Structure formats: C-alpha cells, structure tokens
Amino acid sequence: MDKNNQATHLKKEILIKTIKAFLSNDFGENTRLIPFEMRPKGSEVPYRCCIYKEREILRNRIIASLGFTMEGADDRVLLSSYAQKALEREKPDEHTLTVLELACKGCVPNRIFVTDLCQGCVARPCLENCKFGAISIVNGKSQIDSSKCKNCTKCIQVCPYYAIVKLVVPCESVCPVDAISKDEQGHARIDFDKCISCGKCVSVCPFGAIHEKSQIIDILLKIRQGKKVVAMIAPSIAGQLPCNIYQLKTALLKCGFSDVVEVAQGADITAKNEAKEFNERMQEGAPFMTTSCCAGYNNLVDKHLSEIAPYRSETKTPMYYTAEICKQKDPEAVTVFVSPCVAKKSEALKNPNVDYVMNYEEMGALFVAYKIELSELEPTPFEVESSREGRNFGITGGVAKSVEAADNGKSEVKAHLVNGINKESIRALKGFAKKGECEFGNLIEVMCCEGGCVGGNDCLNTVRTATKSINDFTKDSKPIAE
Amino acid sequence: MNKIKVKLCMGTTCFVMGASELQELVDILPEKFGDKVEVQCATCLDLCSSSSEGQAPYAMVDYTVISKATVESVINEVERKLKNGQE
Ligand code: FES
C-alpha cells in the first residue's frame, strides 16, 4: 500500500492536534475536543457508519498518540483524564504497538470465497477436490461452509473459471513471523512474545487500526520541565524533509531540545568495530557473519532464529554508541532517538541509555505544530561531523559498504544483502545457519525494511527520493578510513 | 496558448502530510503533457496557515487550489484545464 494514504494522513493529523493541545494552556480540555474539532456537528461522515463512531475511533487514536494501550482500555475514561495520566507517567509503556479494536472490526477473516463468476458447471472440480466436504451446491452455484473450510486453496487452483478467491487479512499476511491474527471476535491481536516490532502491519492495515504508542508527550514534558533533552538523529533522516540536517538541527533546537547529535557518529564506531570483528572471525575460519544494527532483525534473531545467533556480529548498534557518548558527556541528559521505525522503540526499551524515541512522523508533526518552516532556517553546525559511510547506514547496502571501507582491504569482503525481512528471506537465513555457509557472500547485511531504514514504517519521504537526497548529501562527506 | 502552471507545495506542513509523493509529478507531468505544462516545487504556499493542516498537502494548478493533493488529482485538474482551454 502507498505510504501516503488516508489512514496515515489521519494518524499524522491526530499527532499534530495532540501536540498542539499539549502546547496550549489547557492540554486536557483541548485534547478532549479534538474528535469534535475533526468531526464537528453536521459534518460529513467519511469512513464509518455515523459521526459518533467516527469520533469514538478518533478518540481511540488519540489515546494511542498519548502513549497508551488500547487493548482492554476503559471506554468510560475521558480523553482529558488520559491526557492527565500521560503527564504523570514516568516511563513509556513496554509494548510498542496497540490494536484499535473498534477500527479493526470492518475486516473479514482470512477465508476462501466463491464469487459470482461461478458458472455452476457440471464438472464441479471444487466439490470433487475438497477434502473437507466444505463445498456444496446452493441454487446451482458452489458455496463454502466456512466452519468446515481449512483454507487449503485446492478449490481455487482447480476452478476453470477462476471464480474462487482468497480474501486475506492484510496484517496477518504481511507479518513475517505470524505474530498477528484474528481472535474469536474478529479483532486482530498481537502476540508480543512473537512480535519483532517491524511495523509492517502498521503500514499495511487499510483501516489504520494498528497504532504505535507515541512517546511524544513524555518528551515534550521533559523539555517543559527544563531537562536537557538531546535529540540523536538517525542517518536516514537526511532524506526525510525538505531541508538539510543542519537546518533540521536548528528546527529541533527551536522545539526546545538542548542539543542534536548525529547517530552517524555511532555508526562510524559500529562500522569500525564490526570490520575488526569481521576480520577476526574470518581468520578463525567462520563461513560468514551477519550485521547487527537493525532492531527488527535483532528481534527476529532473538525470538525466532536462534540458529543464526552465533553468526551475528556482537557489535552494538549506532544508536547504542551514540547514546553512550551522550550519557558519558552528561549523565543527567535525557536522550531521545529520532527514528525511522517502530522497531527502534523496542530496542530503546532495553537500553537504559536511551530514554525515549521520537519517530519521523512525530517529529514532522512537532514541526507543524510549532509552525516551523524548515527551508527558511539557518544551519547549525554539529560538534562532530560524521563520515560518508556512517551517514549512508540507512540505505540498503550502506552498512556492508561501511564495514568494507573500515576494513580497508584487510579481509576479503563479499557482501550479500538481505533487503527486507519476509517469510522468504527468513527461510533463506535459516538455510545459511543450518548449512553453516552462505553461497552468496561472507558478510550478510540484513535490513528489516525494503530499501533499508529509508523504507522504515515511520518515514515521510518515498524510498526513491530519500535515497537520492542522502546520496547527494553524503558524497561530499569525509571518508571513514583515513 | 499559455502554459498551465503547476505548483507543488514542499513546505513543512505539506511535506509532512504527504507531499513527498507529489515530487513524482516533476517527471510525470512533462512526460504526459509535454510543454503544455510547467511544474515547479514551491516553498510554503501559505495555504496551511488559514485552514486545518488536515487539508494539506496543497498544490496549485494555475489559480485552482487542490487540497489533499495526490498525483491523480493534480493530473486530473491539468487534464480538465487543457480540455476547457481547447473548447
Ligand atoms: S506548507 Fe504547503 S501551504 Fe504551507
């Protein structure tokens, strides 16, 4: 599905309004009024059955943007009380995603369905081939008894008229690890023991029913309390907005952040350490090594692919090193990772040096709420300038290239890129681990999202233009190996 | 005949609300309509300040404002204008 669809548009609109409410003089009341402002009395009802349901779903979305879980939430609690509770919270919630039951309901479960194209033929191959006796003929046409159907799709394959189709639940079919499925009531449920926080279900749900729990209010509160809040911007950010990273720094400072540092700085450390590790492993005769900077991939290995764990680099992520530098410089600083994806939220929850995560959508909403016109801003320099390779980390192939550049000819590097985690690439990775070899290369770079971090679920720009802007920007940066 | 002027807003609000997709029009429009159109990416057209950000991204086709602009809706407007101009 296209990135710029109405569901993401709606989510961003809500983020902007929630932030505006926070910045106003009555957060609680102005939050309570958002659904009424968006669907005023007598306005048209674009998506749902009536204005009341529209408003209720908007209310649910606002609760998620305030950072709360929707599963099992209490309908009776006013939005103003949620706003208040968000201000009292000390730590962000543990799981990164939440499903809005109310928004989810419109979607039929995965099933096989006979369309009107059925000709009621004499041969009846569907009836003949169904092993479960799920097909019968009603009024001369085939019909499927869903209580007997096992979704084997045999009938689809044999129908000469292509009259039988499989209705899919988008979130279920996109999830690479089968962590989301419908419960008896037909609502999608996330199994957090399996979930790798890849964010694919968030992007794909046509009802926008899966939300990231935002930490934006927590961050803004820390700023308001006068804490030193440091923004650590991920390398992929360079292609996200119509400005350069120096103007972006100015914009973040205007929003109250005390400092802005490039995570590319940490990426340089990752590349160097990983190159060293790669060289050692190869000398010890290891068949291959995989990268370890993608949070989605790390979750995958930890939860589902333990067999490949010995081959995964022990090197820490760019976010890890950057946060460590920030905390060493000022232990009192509140660190915020500015992120292209939800997976980094799960990584941050496990790292005490990273206090919060703000994704690109949330950052964009913040600029809109503050009415900041990026292109007009003066640039602010960074204390430490990162290398070209570190700044390219967010593009598929970028990590492998940096490791190769940092290795500087010491080892023989042959990169193999896994550009996107899905059922197929998981199977391939399993195969490499099982065989103890990878015929395509000895350095396997794994990116959970297609295109790399620029394809993250929270990105604002298209992969193509974002990649191009990063390339234009980094070609003049200094090389890593000097 | 005067060229149709298309302005795509790449201001902060419009970009955050989804103008990134509109950048494709810089290539698509000349391919489709040749020199009958002139397209340009603009900084904030100042439409976002007067109404809700919910209506962004904006584009302008001559003097017609398109809210919640998409690649499709901009193309349609250009086509409509071209047709009317020929009559
Ligand atoms: S940003 Fe597009 S009109 Fe202001």
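Every chain is numbered from 1, with letters handed out A, B, ... down the list of sequences. Just so it is clear, the structure is predicted and the values come from calculations on it, not from any experiment.
- Heavy-atom distances place both the backbone and the side chain of A:L241 under 4.5 Å from chain B.
- Look at A:E56 and A:K53 and you find no salt bridge, because none of the NZ, NE, NH1 or NH2 atoms lies under 4.0 Å from a carboxylate O.
- Contacts with chain B (heavy atom to heavy atom, under 4.5 Å) involve these residues of residues 360-372 of chain A, listed by number: A:G364, A:A365, A:F367, A:V368, A:I372.
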Side chain to side chain donor-acceptor pair (under 3.5 Å) assessment of A:T462 paired with B:S20 | CA-CA 6 Å; A:T462 59; B:S20 57; 5.5 Å; no
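- Of the listed residues A:R464, A:Q240, A:M38, the one with more heavy-atom pairs under 4.5 angstrom with chain B than any other is A:R464.
- Residue pairs satisfying the salt bridge (charged side-chain N to carboxylate O under 4.0 Å, His left out) criterion with at least one member in residues 204-214 of chain A, sequence neighbours excluded, are listed as follows: A:D93-A:K213, A:E212-A:K345.
- A heavy-atom distance below 4.5 Å is found between the side chains of B:D35 and B:K3.
- Considering only heavy-atom pairs separated by less than 4.5 Å from chain A, the leading option among B:C41, B:S49, B:C44 is B:C44.
- In this view, A:K20 and B:E53 satisfy the salt bridge (charged side-chain N to carboxylate O under 4.0 Å, His left out) rule, not counting sequence neighbours.
- For residues 54-77 of chain B, every residue pair satisfying the salt bridge (charged side-chain N to carboxylate O under 4.0 Å, His left out) rule, not counting sequence neighbours, is listed here: B:E77-B:R80, B:E77-B:K81.
- In this structure, A:L79 and A:P35 have side chains that are in contact, with non-hydrogen atoms separated by less than 4.5 Å.
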